[in-house]
Amino acid sequence: MSPPAPDSYLKRIARAPAVRALLIQCGAAPLTLAIIYLMASFRLPVDYWSVAVVQGLLAAGLTWKLGLAVWWRAIQLLFPVALLAAQALHLPSWLFLAVFLLLLGWYWSTFRTQVPYYPSSPAVWDAVRQILPPPAASDGRPLRVIDIGSGLGGLVLYLARQRPDAECSGIELAPLPWLVSRLRAAASGSRARFTLGDYERLDFGRYDLVFAYLSPAAMAGLWRKAAAEMRPGAMLASYEFAIDARAPDRTIRATEAEDALYIWYF
Ligand SMILES: C[S@@+](CC[C@H](N)C(=O)[O-])C[C@H]1O[C@@H](n2cnc3c(N)ncnc32)[C@H](O)[C@@H]1O
């Protein structure tokens, strides 16, 4: 594994929409206080709800001005009011911690990667199986396949069952899906291997097939990494999301209802 450039994480965290949204809420707070102070000095009614509404309106306006995606305006507008509403429910404080830990385990650094969990279907898994080279084509050594962002492990477990000659593995950043995939492999006696980690620290040069089901935000970086590291004869497959920098060499649709599976040969 090779570490990414030292400042790249910090830069990407600072650019992440969720972090920008949080900074906007912080930036709106002094303006809200100033407006509430003015409202109070004109003897207008002021309570926590009016503070939340003013804060939400200011944050939504700044969000629009700074060009964040359109859905962030609604999130920013509703966030302070939702905070007050949640407080008014008088729920036990441990519940907030429990839900926070659950979401943290499930999403981990989705705010940075902009790749949340959603699964591919068995039809896609089978389309991936069909593009694998036959056993004889891999010079006697086992074929190496990896799902980068393996989620609950469905694709890797399927390929490990279907291709006993191949080394099938997955790498997942979020601890909870990774744990589920490990438990599923152990419970079914599968040879599939699951690693907890960041695929950006992985050497793609070890694999014959790298499968990705990520998001548009990840594709440019994925291509730079694949182009730099993948060996001649290897394949990169991406479900649903194409790469702007290079047209795919092949496109398959598992079923008419499915999105495309894009394939690049090296
Ligand atoms: C859309 S899901 C796909 C899950 C699985 N590959 C499938 O096909 O069902 C994307 C997964 O990638 C994981 N992920 C995102 N960025 C990652 C990274 N840099 N390293 C490892 N996993 C990552 C997310 O946590 C999420 O579980």
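Atoms considered below: every heavy atom in the structure, side chains included; atoms not considered: hydrogens, waters and symmetry mates. Atoms within a ligand are numbered from 1 in the order they appear, just like the ligands themselves.
Salt-bridge formation is not detected for the pair Arg253/Asp259: no Lys NZ or Arg NE/NH1/NH2 atom is positioned less than 4.0 Å from an Asp or Glu carboxylate oxygen. Remark: Asp203 does not engage Lys225 in a salt bridge, criterion side-chain N to carboxylate O under 4.0 Å.
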Please tabulate, one line per pair, the protein nitrogen or oxygen atoms found under 3.5 angstrom from a nitrogen or oxygen of ligand 1, with distances to 0.1 Å, or say none if there are no such pairs.
residue	atom	partner	partner atom	Å
ligand 1	6 (N)	Asp147	OD1	3.2
ligand 1	6 (N)	Asp147	OD2	2.8
ligand 1	6 (N)	Gly149	O	2.7
ligand 1	8 (O)	Ser120	OG	2.6
ligand 1	9 (O)	Ser120	N	2.9
ligand 1	9 (O)	Ser120	OG	3.3
ligand 1	19 (N)	Asp198	OD1	2.8
ligand 1	20 (N)	Tyr199	N	3.0
ligand 1	22 (N)	Leu173	N	3.2
ligand 1	25 (O)	Glu172	OE2	2.5
ligand 1	27 (O)	Glu172	OE1	2.8
ligand 1	27 (O)	Glu172	OE2	3.2

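In this structure the side chain of Arg246 reaches within 4.5 angstrom of the side chain of Trp264, judged on heavy atoms.
Residues Glu172 and Ser181 bring no donor and acceptor atom of their side chains to less than 3.5 Å of each other.
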- Task: Show your reasoning for whether ring pair (Phe, Tyr, Trp, His ring centres under 6.0 Å) applies to Phe241 and Tyr262.
- Result: CA-CA 8 Å; Phe241 303 112; Tyr262 302 104; 8.9 Å; no
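You'll find the ring centres of Trp106 and Tyr117 inside the 6.0 Å limit.
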